Protein chains: 2
Amino acid sequence: MQNLQIGEAPELRHRRTSSDYIADALRDAINGGQLEDGAVLNQVELAEHFGVSRVPVREAIRRLEAEGLVEAAAHRRAVVRGLSLDRIAEVYELRALLEGHLTEQAVPNFDRADVERLNELNRQLREERDHARWLELNAAFHETLYAPAGRPTALELVDSLRQRGERYVQMWSGGRGLERTSQVAKEHTAIVRCVRRGDAAGARDAIVAHIEHTRDAVLKLHRAAAGNGDGSR
Amino acid sequence: MQNLQIGEAPELRHRRTSSDYIADALRDAINGGQLEDGAVLNQVELAEHFGVSRVPVREAIRRLEAEGLVEAAAHRRAVVRGLSLDRIAEVYELRALLEGHLTEQAVPNFDRADVERLNELNRQLREERDHARWLELNAAFHETLYAPAGRPTALELVDSLRQRGERYVQMWSGGRGLERTSQVAKEHTAIVRCVRRGDAAGARDAIVAHIEHTRDAVLKLHRAAAGNGDGSR
DNA sequence: AACTGGATGAATGTATACAGTAGTCCCGCT
DNA sequence: AGCGGGACTACTGTATACATTCATCCAGTT
(Lines give C-alpha, C1' and ligand atoms only; values in the text may rest on other atoms or scores of the structure.)
Protein backbone atom coordinates (compact mmCIF):
# COMPACT_ATOMS: atom_id res chain seq x y z
CA MET A 1 0.00 0.00 0.00
CA GLN A 2 2.94 2.33 0.52
CA ASN A 3 4.28 4.43 -2.29
CA LEU A 4 7.49 2.89 -3.53
CA GLN A 5 10.37 5.15 -4.37
CA ILE A 6 11.01 3.44 -7.67
CA GLY A 7 8.53 5.63 -9.47
CA GLU A 8 5.33 4.91 -11.18
CA ALA A 9 6.33 4.76 -14.80
CA PRO A 10 6.95 1.01 -15.04
CA GLU A 11 3.55 0.06 -13.73
CA LEU A 12 1.91 1.39 -16.84
CA ARG A 13 4.59 0.47 -19.31
CA HIS A 14 3.29 -2.59 -21.03
CA ARG A 15 -0.23 -2.69 -19.69
CA ARG A 16 -1.54 -0.98 -22.77
CA THR A 17 -4.87 -2.27 -23.96
CA SER A 18 -5.98 -2.35 -27.57
CA SER A 19 -8.08 0.67 -26.85
CA ASP A 20 -5.04 2.59 -25.60
CA TYR A 21 -3.03 1.58 -28.61
CA ILE A 22 -5.72 2.57 -31.07
CA ALA A 23 -6.29 5.93 -29.39
CA ASP A 24 -2.58 6.67 -29.67
CA ALA A 25 -2.44 5.49 -33.26
CA LEU A 26 -5.38 7.67 -34.25
CA ARG A 27 -3.91 10.65 -32.43
CA ASP A 28 -0.64 10.21 -34.24
CA ALA A 29 -2.43 9.81 -37.56
CA ILE A 30 -4.33 13.02 -36.98
CA ASN A 31 -1.28 14.94 -35.83
CA GLY A 32 0.82 13.47 -38.62
CA GLY A 33 -1.65 14.57 -41.23
CA GLN A 34 -2.63 11.10 -42.47
CA LEU A 35 -6.12 11.88 -41.24
CA GLU A 36 -7.05 15.33 -42.42
CA ASP A 37 -9.69 17.66 -41.08
CA GLY A 38 -13.12 16.29 -41.78
CA ALA A 39 -11.89 12.75 -42.40
CA VAL A 40 -14.51 10.18 -41.47
CA LEU A 41 -13.71 7.60 -38.81
CA ASN A 42 -15.64 4.50 -39.81
CA GLN A 43 -15.70 2.07 -36.91
CA VAL A 44 -15.93 -1.04 -39.07
CA GLU A 45 -13.06 0.05 -41.30
CA LEU A 46 -10.88 0.95 -38.34
CA ALA A 47 -11.68 -2.31 -36.58
CA GLU A 48 -10.64 -4.28 -39.66
CA HIS A 49 -7.55 -2.15 -40.12
CA PHE A 50 -6.36 -2.77 -36.56
CA GLY A 51 -7.56 -6.37 -36.56
CA VAL A 52 -9.84 -5.96 -33.56
CA SER A 53 -13.55 -5.67 -32.90
CA ARG A 54 -15.43 -2.40 -32.88
CA VAL A 55 -15.52 -2.15 -29.10
CA PRO A 56 -11.98 -0.87 -28.47
CA VAL A 57 -12.26 1.35 -31.53
CA ARG A 58 -15.34 2.98 -30.07
CA GLU A 59 -13.64 3.60 -26.75
CA ALA A 60 -10.66 5.15 -28.49
CA ILE A 61 -12.97 7.46 -30.41
CA ARG A 62 -14.72 8.48 -27.19
CA ARG A 63 -11.42 9.53 -25.73
CA LEU A 64 -10.38 11.54 -28.75
CA GLU A 65 -13.78 13.16 -28.62
CA ALA A 66 -13.25 14.20 -25.01
CA GLU A 67 -9.82 15.50 -25.98
CA GLY A 68 -11.38 17.65 -28.65
CA LEU A 69 -9.64 16.00 -31.60
CA VAL A 70 -12.74 14.52 -33.18
CA GLU A 71 -16.40 15.39 -33.29
CA ALA A 72 -18.89 12.57 -32.74
CA ALA A 73 -22.62 13.15 -32.57
CA ALA A 74 -24.86 10.27 -31.57
CA HIS A 75 -25.60 7.78 -34.32
CA ARG A 76 -23.48 9.74 -36.70
CA ARG A 77 -20.01 9.14 -38.00
CA ALA A 78 -17.13 10.63 -36.07
CA VAL A 79 -15.10 13.12 -38.05
CA VAL A 80 -11.70 14.65 -37.45
CA ARG A 81 -12.22 18.12 -36.08
CA GLY A 82 -10.22 20.68 -37.95
CA LEU A 83 -9.16 24.00 -36.53
CA SER A 84 -9.95 27.23 -38.33
CA LEU A 85 -7.28 29.90 -38.47
CA ASP A 86 -9.06 31.70 -35.67
CA ARG A 87 -8.99 28.66 -33.47
CA ILE A 88 -5.35 27.93 -34.22
CA ALA A 89 -4.56 31.49 -33.23
CA GLU A 90 -6.60 31.06 -30.07
CA VAL A 91 -4.75 27.91 -29.10
CA TYR A 92 -1.47 29.79 -29.25
CA GLU A 93 -2.94 32.74 -27.41
CA LEU A 94 -3.95 30.43 -24.59
CA ARG A 95 -0.63 28.69 -24.61
CA ALA A 96 1.13 32.04 -24.29
CA LEU A 97 -1.05 32.88 -21.32
CA LEU A 98 -0.67 29.55 -19.53
CA GLU A 99 2.96 28.87 -20.36
CA GLY A 100 3.87 32.41 -19.41
CA HIS A 101 2.19 31.85 -16.07
CA LEU A 102 3.93 28.51 -15.61
CA THR A 103 7.31 30.01 -16.44
CA GLU A 104 6.86 32.85 -14.00
CA GLN A 105 5.98 30.38 -11.26
CA ALA A 106 8.81 28.05 -12.17
CA VAL A 107 11.77 30.42 -12.28
CA PRO A 108 12.08 30.98 -8.52
CA ASN A 109 12.16 27.23 -7.99
CA PHE A 110 14.94 26.44 -10.45
CA ASP A 111 18.16 25.04 -9.09
CA ARG A 112 21.48 24.88 -10.88
CA ALA A 113 20.94 21.36 -12.20
CA ASP A 114 17.57 22.30 -13.67
CA VAL A 115 19.10 25.20 -15.54
CA GLU A 116 21.86 23.03 -16.92
CA ARG A 117 19.38 20.42 -18.11
CA LEU A 118 17.46 23.13 -19.88
CA ASN A 119 20.59 24.47 -21.50
CA GLU A 120 21.66 21.02 -22.60
CA LEU A 121 18.30 20.34 -24.23
CA ASN A 122 18.54 23.58 -26.13
CA ARG A 123 22.05 22.65 -27.30
CA GLN A 124 20.76 19.32 -28.62
CA LEU A 125 17.88 21.13 -30.30
CA ARG A 126 20.29 23.28 -32.25
CA GLU A 127 22.01 20.25 -33.69
CA GLU A 128 19.09 17.92 -34.25
CA ARG A 129 18.28 17.34 -37.92
CA ASP A 130 15.55 14.70 -37.68
CA HIS A 131 12.23 16.46 -37.42
CA ALA A 132 10.39 13.93 -35.27
CA ARG A 133 13.27 13.84 -32.81
CA TRP A 134 13.43 17.63 -32.88
CA LEU A 135 9.78 17.83 -31.87
CA GLU A 136 10.46 15.49 -28.95
CA LEU A 137 13.40 17.57 -27.77
CA ASN A 138 11.36 20.72 -28.09
CA ALA A 139 8.60 19.20 -25.97
CA ALA A 140 11.21 18.12 -23.42
CA PHE A 141 12.60 21.66 -23.26
CA HIS A 142 9.22 23.11 -22.48
CA GLU A 143 8.42 20.40 -19.95
CA THR A 144 11.72 21.00 -18.18
CA LEU A 145 11.02 24.71 -18.14
CA TYR A 146 7.63 24.29 -16.48
CA ALA A 147 8.30 21.37 -14.16
CA PRO A 148 9.65 23.42 -11.22
CA ALA A 149 6.39 25.37 -11.12
CA GLY A 150 4.68 22.38 -9.51
CA ARG A 151 1.39 23.01 -11.32
CA PRO A 152 0.12 19.64 -12.58
CA THR A 153 -3.29 20.87 -13.71
CA ALA A 154 -1.79 23.69 -15.73
CA LEU A 155 0.55 21.18 -17.35
CA GLU A 156 -2.43 19.04 -18.32
CA LEU A 157 -4.12 21.97 -20.00
CA VAL A 158 -0.98 22.96 -21.84
CA ASP A 159 -0.50 19.38 -22.99
CA SER A 160 -4.00 19.31 -24.31
CA LEU A 161 -3.45 22.54 -26.21
CA ARG A 162 -0.14 21.38 -27.64
CA GLN A 163 -1.88 18.19 -28.72
CA ARG A 164 -4.49 20.12 -30.64
CA GLY A 165 -2.03 22.38 -32.38
CA GLU A 166 0.68 19.86 -33.10
CA ARG A 167 -0.54 18.79 -36.48
CA TYR A 168 -0.05 22.31 -37.77
CA VAL A 169 3.61 22.32 -36.83
CA GLN A 170 4.44 19.19 -38.75
CA MET A 171 4.86 21.28 -41.87
CA TRP A 172 8.13 22.60 -40.57
CA SER A 173 9.81 19.40 -41.57
CA GLY A 174 11.09 21.02 -44.74
CA GLY A 175 11.48 24.25 -46.64
CA ARG A 176 11.06 27.49 -44.71
CA GLY A 177 10.62 25.46 -41.54
CA LEU A 178 14.39 25.33 -41.11
CA GLU A 179 14.54 29.07 -40.65
CA ARG A 180 12.02 28.78 -37.90
CA THR A 181 13.80 25.98 -36.07
CA SER A 182 17.00 28.00 -35.84
CA GLN A 183 15.01 30.99 -34.68
CA VAL A 184 13.44 28.80 -32.03
CA ALA A 185 16.85 27.96 -30.64
CA LYS A 186 17.68 31.65 -30.34
CA GLU A 187 14.47 32.40 -28.51
CA HIS A 188 15.06 29.45 -26.21
CA THR A 189 18.51 30.81 -25.45
CA ALA A 190 16.99 34.12 -24.42
CA ILE A 191 14.64 32.25 -22.10
CA VAL A 192 17.47 30.25 -20.55
CA ARG A 193 19.38 33.46 -19.92
CA CYS A 194 16.47 34.93 -17.97
CA VAL A 195 15.98 31.73 -16.01
CA ARG A 196 19.65 31.62 -15.12
CA ARG A 197 19.63 35.05 -13.58
CA GLY A 198 16.32 34.41 -11.83
CA ASP A 199 14.38 37.00 -13.79
CA ALA A 200 10.87 35.55 -13.60
CA ALA A 201 9.07 38.41 -15.33
CA GLY A 202 11.67 38.49 -18.08
CA ALA A 203 11.40 34.76 -18.63
CA ARG A 204 7.63 35.05 -18.79
CA ASP A 205 7.83 37.78 -21.39
CA ALA A 206 10.39 35.78 -23.36
CA ILE A 207 8.26 32.64 -23.49
CA VAL A 208 5.18 34.66 -24.40
CA ALA A 209 7.08 36.28 -27.26
CA HIS A 210 8.41 32.87 -28.28
CA ILE A 211 4.94 31.37 -28.47
CA GLU A 212 3.55 34.36 -30.31
CA HIS A 213 6.33 34.08 -32.88
CA THR A 214 5.55 30.41 -33.25
CA ARG A 215 1.91 31.27 -33.76
CA ASP A 216 2.81 33.75 -36.48
CA ALA A 217 5.01 31.21 -38.22
CA VAL A 218 2.32 28.55 -38.08
CA LEU A 219 -0.37 30.88 -39.36
CA LYS A 220 1.88 32.07 -42.16
CA LEU A 221 2.63 28.54 -43.31
CA HIS A 222 -0.99 27.59 -42.92
CA ARG A 223 -2.24 30.51 -44.97
CA ALA A 224 0.35 29.79 -47.65
CA ALA A 225 -0.61 26.12 -47.79
CA ALA A 226 -4.32 26.95 -47.79
CA GLY A 227 -4.90 27.04 -51.49
CA ASN A 228 -7.52 24.38 -50.86
CA GLY A 229 -10.96 25.10 -49.48
CA ASP A 230 -10.01 25.58 -45.89
CA GLY A 231 -10.15 28.02 -43.05
CA SER A 232 -13.87 27.90 -42.58
CA ARG A 233 -15.76 25.86 -40.00
CA MET B 1 -26.22 22.72 -46.66
CA GLN B 2 -26.61 26.35 -45.71
CA ASN B 3 -26.52 27.42 -42.12
CA LEU B 4 -30.01 28.11 -40.92
CA GLN B 5 -30.65 31.01 -38.63
CA ILE B 6 -32.78 28.95 -36.30
CA GLY B 7 -29.84 27.74 -34.25
CA GLU B 8 -28.29 24.42 -33.59
CA ALA B 9 -29.56 23.50 -30.16
CA PRO B 10 -32.54 21.34 -31.17
CA GLU B 11 -30.46 19.00 -33.28
CA LEU B 12 -28.87 17.45 -30.23
CA ARG B 13 -31.79 17.70 -27.87
CA HIS B 14 -33.13 14.22 -27.61
CA ARG B 15 -30.42 12.24 -29.34
CA ARG B 16 -28.85 11.23 -26.06
CA THR B 17 -27.58 7.69 -25.91
CA SER B 18 -27.37 5.58 -22.77
CA SER B 19 -23.69 6.33 -22.69
CA ASP B 20 -24.35 10.08 -22.71
CA TYR B 21 -26.93 9.74 -20.00
CA ILE B 22 -24.70 7.66 -17.79
CA ALA B 23 -21.74 9.99 -18.23
CA ASP B 24 -23.92 12.92 -17.15
CA ALA B 25 -25.36 10.98 -14.24
CA LEU B 26 -21.92 10.00 -12.99
CA ARG B 27 -20.64 13.55 -13.38
CA ASP B 28 -23.57 14.85 -11.37
CA ALA B 29 -23.05 12.18 -8.74
CA ILE B 30 -19.40 13.13 -8.40
CA ASN B 31 -20.10 16.86 -8.30
CA GLY B 32 -23.03 16.34 -5.97
CA GLY B 33 -20.90 14.42 -3.52
CA GLN B 34 -22.74 11.10 -3.76
CA LEU B 35 -19.54 9.67 -5.16
CA GLU B 36 -16.68 10.80 -2.99
CA ASP B 37 -13.01 10.99 -3.76
CA GLY B 38 -11.60 7.52 -4.13
CA ALA B 39 -15.00 5.88 -4.65
CA VAL B 40 -14.73 2.79 -6.81
CA LEU B 41 -16.68 2.64 -10.07
CA ASN B 42 -17.57 -0.98 -10.52
CA GLN B 43 -18.77 -1.56 -14.06
CA VAL B 44 -21.04 -4.45 -13.19
CA GLU B 45 -22.69 -2.58 -10.33
CA LEU B 46 -23.19 0.55 -12.42
CA ALA B 47 -24.59 -1.46 -15.31
CA GLU B 48 -27.14 -3.09 -13.01
CA HIS B 49 -27.96 0.20 -11.37
CA PHE B 50 -28.70 1.89 -14.69
CA GLY B 51 -30.31 -1.22 -16.13
CA VAL B 52 -27.95 -1.48 -19.10
CA SER B 53 -25.02 -3.59 -20.13
CA ARG B 54 -21.43 -2.79 -19.32
CA VAL B 55 -20.63 -1.35 -22.74
CA PRO B 56 -22.21 2.10 -22.35
CA VAL B 57 -20.93 2.24 -18.78
CA ARG B 58 -17.40 1.70 -20.02
CA GLU B 59 -17.70 4.43 -22.60
CA ALA B 60 -19.02 6.84 -20.00
CA ILE B 61 -16.07 6.05 -17.76
CA ARG B 62 -13.65 6.65 -20.63
CA ARG B 63 -15.07 10.10 -21.10
CA LEU B 64 -14.89 10.99 -17.44
CA GLU B 65 -11.34 9.75 -17.50
CA ALA B 66 -10.47 12.05 -20.38
CA GLU B 67 -12.15 14.89 -18.50
CA GLY B 68 -9.96 14.23 -15.51
CA LEU B 69 -12.78 13.33 -13.12
CA VAL B 70 -11.81 9.70 -12.65
CA GLU B 71 -8.61 7.72 -12.78
CA ALA B 72 -8.67 4.42 -14.65
CA ALA B 73 -5.57 2.30 -15.13
CA ALA B 74 -5.80 -0.70 -17.41
CA HIS B 75 -7.39 -3.80 -15.89
CA ARG B 76 -7.94 -1.95 -12.68
CA ARG B 77 -11.01 -0.40 -11.20
CA ALA B 78 -11.76 3.21 -12.02
CA VAL B 79 -11.81 5.48 -9.01
CA VAL B 80 -13.09 8.99 -8.50
CA ARG B 81 -10.15 11.32 -8.60
CA GLY B 82 -10.12 13.65 -5.66
CA LEU B 83 -8.41 17.00 -5.60
CA SER B 84 -5.90 17.87 -2.91
CA LEU B 85 -6.02 21.35 -1.43
CA ASP B 86 -3.11 22.31 -3.65
CA ARG B 87 -4.94 21.19 -6.74
CA ILE B 88 -8.13 22.92 -5.77
CA ALA B 89 -6.14 26.11 -5.30
CA GLU B 90 -4.50 25.56 -8.67
CA VAL B 91 -7.84 25.13 -10.41
CA TYR B 92 -8.94 28.51 -9.10
CA GLU B 93 -5.61 30.07 -9.97
CA LEU B 94 -6.04 28.90 -13.57
CA ARG B 95 -9.62 30.03 -13.66
CA ALA B 96 -8.56 33.49 -12.50
CA LEU B 97 -5.98 33.61 -15.28
CA LEU B 98 -8.27 32.36 -18.04
CA GLU B 99 -11.44 34.08 -16.99
CA GLY B 100 -9.56 37.33 -16.46
CA HIS B 101 -8.25 37.01 -19.99
CA LEU B 102 -11.71 36.22 -21.36
CA THR B 103 -13.24 39.16 -19.55
CA GLU B 104 -10.65 41.55 -20.86
CA GLN B 105 -11.30 40.35 -24.40
CA ALA B 106 -15.05 40.44 -23.96
CA VAL B 107 -15.60 43.92 -22.56
CA PRO B 108 -14.91 45.86 -25.77
CA ASN B 109 -17.43 43.67 -27.60
CA PHE B 110 -20.30 44.18 -25.18
CA ASP B 111 -23.39 45.93 -26.45
CA ARG B 112 -26.14 47.45 -24.35
CA ALA B 113 -28.33 44.34 -24.47
CA ASP B 114 -25.46 42.13 -23.27
CA VAL B 115 -24.88 44.40 -20.28
CA GLU B 116 -28.54 44.36 -19.37
CA ARG B 117 -28.71 40.59 -19.56
CA LEU B 118 -25.72 40.40 -17.26
CA ASN B 119 -27.30 42.82 -14.82
CA GLU B 120 -30.58 40.93 -14.87
CA LEU B 121 -28.85 37.63 -14.11
CA ASN B 122 -27.10 39.21 -11.17
CA ARG B 123 -30.41 40.58 -9.90
CA GLN B 124 -31.93 37.10 -10.05
CA LEU B 125 -28.88 35.71 -8.29
CA ARG B 126 -29.45 38.02 -5.35
CA GLU B 127 -32.95 36.72 -4.84
CA GLU B 128 -32.51 33.05 -5.58
CA ARG B 129 -32.83 30.80 -2.54
CA ASP B 130 -32.62 27.35 -4.10
CA HIS B 131 -29.00 26.32 -4.20
CA ALA B 132 -29.09 24.22 -7.37
CA ARG B 133 -30.86 26.98 -9.23
CA TRP B 134 -28.41 29.50 -7.80
CA LEU B 135 -25.51 27.52 -9.22
CA GLU B 136 -27.18 27.52 -12.64
CA LEU B 137 -27.70 31.27 -12.55
CA ASN B 138 -24.15 31.79 -11.46
CA ALA B 139 -22.88 29.71 -14.37
CA ALA B 140 -25.13 31.68 -16.72
CA PHE B 141 -23.72 34.94 -15.40
CA HIS B 142 -20.18 33.87 -16.13
CA GLU B 143 -21.10 32.49 -19.55
CA THR B 144 -22.79 35.74 -20.46
CA LEU B 145 -19.76 37.66 -19.31
CA TYR B 146 -17.36 35.68 -21.50
CA ALA B 147 -19.49 35.08 -24.57
CA PRO B 148 -18.66 38.35 -26.35
CA ALA B 149 -14.96 37.45 -26.25
CA GLY B 150 -15.49 34.96 -29.06
CA ARG B 151 -13.00 32.47 -27.64
CA PRO B 152 -14.52 29.00 -27.88
CA THR B 153 -11.41 27.07 -26.91
CA ALA B 154 -10.87 29.19 -23.82
CA LEU B 155 -14.49 28.59 -22.86
CA GLU B 156 -13.95 24.85 -23.18
CA LEU B 157 -10.98 25.00 -20.83
CA VAL B 158 -12.84 27.10 -18.30
CA ASP B 159 -15.79 24.73 -18.46
CA SER B 160 -13.50 21.83 -17.78
CA LEU B 161 -11.98 23.61 -14.79
CA ARG B 162 -15.36 24.61 -13.39
CA GLN B 163 -16.44 21.01 -13.79
CA ARG B 164 -13.51 19.80 -11.73
CA GLY B 165 -14.02 22.28 -8.94
CA GLU B 166 -17.77 22.28 -8.74
CA ARG B 167 -18.12 19.53 -6.22
CA TYR B 168 -16.24 21.64 -3.70
CA VAL B 169 -18.74 24.46 -4.00
CA GLN B 170 -21.75 22.33 -3.18
CA MET B 171 -21.07 22.81 0.49
CA TRP B 172 -22.32 26.37 0.27
CA SER B 173 -25.84 25.10 0.35
CA GLY B 174 -26.12 25.89 4.02
CA GLY B 175 -24.49 27.58 6.97
CA ARG B 176 -21.72 30.03 6.29
CA GLY B 177 -22.36 29.58 2.58
CA LEU B 178 -25.06 32.19 2.69
CA GLU B 179 -22.54 34.84 3.61
CA ARG B 180 -20.54 33.94 0.58
CA THR B 181 -23.47 34.00 -1.84
CA SER B 182 -24.36 37.54 -0.85
CA GLN B 183 -20.74 38.53 -1.15
CA VAL B 184 -20.72 36.99 -4.64
CA ALA B 185 -23.55 39.27 -5.70
CA LYS B 186 -21.60 42.31 -4.54
CA GLU B 187 -18.52 41.26 -6.47
CA HIS B 188 -20.63 40.59 -9.55
CA THR B 189 -22.07 44.07 -9.25
CA ALA B 190 -18.57 45.53 -9.27
CA ILE B 191 -17.83 43.57 -12.42
CA VAL B 192 -21.00 44.76 -14.12
CA ARG B 193 -20.10 48.32 -13.27
CA CYS B 194 -16.72 47.99 -15.00
CA VAL B 195 -18.29 46.31 -18.01
CA ARG B 196 -20.87 49.03 -18.32
CA ARG B 197 -18.30 51.77 -18.54
CA GLY B 198 -16.10 49.75 -20.88
CA ASP B 199 -13.23 49.38 -18.44
CA ALA B 200 -11.64 46.13 -19.65
CA ALA B 201 -8.65 46.16 -17.31
CA GLY B 202 -10.87 47.00 -14.36
CA ALA B 203 -13.29 44.21 -15.21
CA ARG B 204 -10.41 41.79 -15.51
CA ASP B 205 -9.05 42.76 -12.12
CA ALA B 206 -12.54 42.50 -10.62
CA ILE B 207 -13.16 39.00 -11.95
CA VAL B 208 -9.70 37.89 -10.85
CA ALA B 209 -10.39 39.20 -7.35
CA HIS B 210 -13.80 37.54 -7.42
CA ILE B 211 -12.35 34.15 -8.29
CA GLU B 212 -9.57 34.47 -5.75
CA HIS B 213 -12.12 35.26 -3.06
CA THR B 214 -14.13 32.26 -4.15
CA ARG B 215 -11.00 30.16 -3.89
CA ASP B 216 -10.34 31.38 -0.38
CA ALA B 217 -13.90 30.64 0.66
CA VAL B 218 -13.76 27.14 -0.81
CA LEU B 219 -10.42 26.36 0.79
CA LYS B 220 -11.61 27.64 4.14
CA LEU B 221 -14.73 25.47 4.05
CA HIS B 222 -12.70 22.55 2.83
CA ARG B 223 -10.14 22.87 5.58
CA ALA B 224 -12.85 23.24 8.17
CA ALA B 225 -14.69 20.17 6.90
CA ALA B 226 -11.46 18.18 6.71
CA GLY B 227 -11.57 16.59 10.09
CA ASN B 228 -11.45 13.26 8.26
CA GLY B 229 -8.32 11.86 6.70
CA ASP B 230 -8.29 14.09 3.70
CA GLY B 231 -6.16 16.61 1.89
CA SER B 232 -3.71 14.14 0.50
CA ARG B 233 -4.03 12.75 -3.00
C1' DA C 1 -40.36 19.20 -62.76
C1' DA C 2 -39.89 19.68 -57.84
C1' DC C 3 -41.11 17.86 -53.53
C1' DT C 4 -42.82 14.71 -50.08
C1' DG C 5 -42.99 10.03 -48.52
C1' DG C 6 -41.50 5.61 -47.54
C1' DA C 7 -38.42 1.58 -48.20
C1' DT C 8 -33.66 -0.16 -48.25
C1' DG C 9 -28.85 -0.55 -46.90
C1' DA C 10 -25.18 0.80 -44.03
C1' DA C 11 -23.47 2.45 -39.95
C1' DT C 12 -23.87 3.21 -35.07
C1' DG C 13 -25.56 1.78 -30.20
C1' DT C 14 -26.26 -2.02 -27.05
C1' DA C 15 -26.48 -6.75 -25.16
C1' DT C 16 -24.50 -11.06 -24.31
C1' DA C 17 -20.72 -14.24 -24.15
C1' DC C 18 -15.95 -15.29 -23.76
C1' DA C 19 -10.86 -14.33 -22.52
C1' DG C 20 -7.46 -12.52 -19.70
C1' DT C 21 -5.68 -10.10 -15.69
C1' DA C 22 -5.17 -8.69 -10.84
C1' DG C 23 -6.11 -9.13 -6.20
C1' DT C 24 -7.05 -12.45 -2.39
C1' DC C 25 -6.94 -16.21 0.37
C1' DC C 26 -5.13 -20.35 1.83
C1' DC C 27 -1.70 -23.74 2.05
C1' DG C 28 2.91 -25.34 2.41
C1' DC C 29 7.62 -24.26 3.30
C1' DT C 30 11.56 -22.32 5.86
C1' DA D 1 5.35 -17.98 13.28
C1' DG D 2 6.45 -15.48 9.21
C1' DC D 3 6.94 -15.65 4.39
C1' DG D 4 6.46 -17.14 -0.40
C1' DG D 5 3.76 -19.40 -3.95
C1' DG D 6 -0.29 -21.07 -6.28
C1' DA D 7 -5.29 -21.68 -6.99
C1' DC D 8 -9.61 -19.04 -6.88
C1' DT D 9 -12.62 -15.28 -7.50
C1' DA D 10 -14.01 -11.11 -9.25
C1' DC D 11 -13.36 -7.80 -12.24
C1' DT D 12 -11.90 -5.71 -16.57
C1' DG D 13 -11.01 -6.15 -21.77
C1' DT D 14 -12.62 -7.96 -26.16
C1' DA D 15 -15.41 -10.42 -29.59
C1' DT D 16 -19.67 -11.52 -31.62
C1' DA D 17 -24.55 -10.90 -32.29
C1' DC D 18 -28.66 -8.15 -32.23
C1' DA D 19 -31.35 -3.57 -32.20
C1' DT D 20 -31.85 0.96 -33.64
C1' DT D 21 -30.99 4.99 -36.18
C1' DC D 22 -29.70 7.54 -40.17
C1' DA D 23 -28.98 8.44 -45.02
C1' DT D 24 -29.89 7.55 -49.61
C1' DC D 25 -32.65 6.44 -53.35
C1' DC D 26 -36.78 5.81 -55.75
C1' DA D 27 -41.55 6.19 -56.55
C1' DG D 28 -45.69 8.73 -56.32
C1' DT D 29 -47.98 13.07 -56.06
C1' DT D 30 -49.04 17.91 -56.89
Side-chain angles (χ1 to χ4, degrees), chain A residues 1-4 6-27 35 38-67 69-81, chain B residues 1-4 6 8-27 35 38-67 69-81 233:
Chain A
M1 211 26 136
Q2 319 207 50
N3 283 346
L4 298 177
I6 302 174
E8 47 189 359
E11 70 172 311
L12 301 173
R13 196 97 53 103
H14 279 302
R15 303 287 109 149
R16 286 156 47 93
T17 65
S18 305
S19 172
D20 292 335
Y21 175 79
I22 293 169
D24 288 348
L26 289 177
R27 238 193 310 268
L35 286 173
V40 170
L41 299 180
N42 183 315
Q43 296 178 6
V44 177
E45 268 180 37
L46 290 173
E48 285 173 3
H49 175 72
F50 288 110
V52 298
S53 81
R54 277 171 47 223
V55 177
V57 171
R58 290 176 56 79
E59 294 194 359
I61 289 177
R62 287 283 167 277
R63 282 189 232 193
L64 298 181
E65 184 189 3
E67 290 172 18
L69 285 173
V70 310
E71 210 162 2
H75 295 127
R76 226 158 286 166
R77 295 167 180 147
V79 298
V80 176
R81 185 169 138 177
Chain B
M1 208 36 127
Q2 320 205 44
N3 283 346
L4 298 178
I6 303 173
E8 49 188 359
E11 70 172 311
L12 300 174
R13 196 97 53 105
H14 279 303
R15 302 287 106 148
R16 287 157 45 94
T17 64
S18 305
S19 171
D20 292 334
Y21 176 78
I22 293 169
D24 288 349
L26 289 177
R27 237 193 311 269
L35 287 172
V40 171
L41 300 180
N42 183 316
Q43 296 178 5
V44 177
E45 265 180 40
L46 290 174
E48 284 173 4
H49 175 72
F50 288 108
V52 297
S53 80
R54 277 173 46 224
V55 177
V57 172
R58 288 176 58 78
E59 295 193 0
I61 290 177
R62 287 284 167 276
R63 285 188 229 193
L64 298 182
E65 183 188 5
E67 290 171 19
L69 285 174
V70 310
E71 210 162 3
H75 297 248
R76 227 159 287 167
R77 296 167 181 148
V79 298
V80 176
R81 186 169 133 177
R233 196 102 245 193

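Values below: every heavy atom of this structure, side chains too, minus hydrogens, waters and symmetry copies. In this text the structure is predicted, and so the values were computed from the model without any measurement.
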### Query
Of the non-hydrogen atoms in A:I61 and A:A78, which two are nearest, and what is the gap between them?
CG2-CB, 3.9 Å
### Message
Please report the interatomic distance CZ(B:R54) to CG(B:N42), rounded to the nearest 0.5 Å.
### Response
9.0 Å
## Note on the structure
From CZ of A:F50 across to C1' of D:dA15 the rounded distance in Å is 17 Å
#### Entry: Exam field: side chain B:D24 to backbone B:Y21, donor-acceptor pair closer than 3.5 Å
no
#### Entry: Atom pair CD (B:E65) and CZ (B:R58), whose distance is rounded to the nearest 0.5 Å
10.5 Å
### Message
How many whole angstroms separate atom CZ of A:R16 from atom P of D:dT14?
### Response
12 Å
### Query
Just how far, in rounded Å, is C1' of D:dG13 from OH of A:Y21?
17 Å
### Query
Atom CG in B:L69, atom CG in B:L35: separation rounded to 0.5 Å?
10.5 Å
### Query
What's the closest nucleotide to the B:S53 side chain, out of C:dT14, D:dA15, D:dT14?
C:dT14
### Task
To the nearest Å, give me how far apart CD (B:E59) and P (D:dG13) are.
13 Å
### Message
For a quick test of reading the model: is some side-chain N or O of A:T17 closer than 4.0 Å to OP1 or OP2 of D:dG13?
### Response
no
## Note on the structure
In whole angstroms, the gap separating P of D:dT12 from CD of B:E48 amounts to 12 Å
### Task
Would you mind building the protein contact string for nucleotides 5-12 of chain C? One character per nucleotide, 5' to 3', B for base within reach (heavy atoms under 4.0 Å), S for sugar-phosphate only, - for untouched.
------SB
### Query
Is any NZ, NE, NH1 or NH2 atom of the basic residue among B:R62 and B:E59 found under 4.0 Å from an Asp or Glu carboxylate oxygen of the other?
no
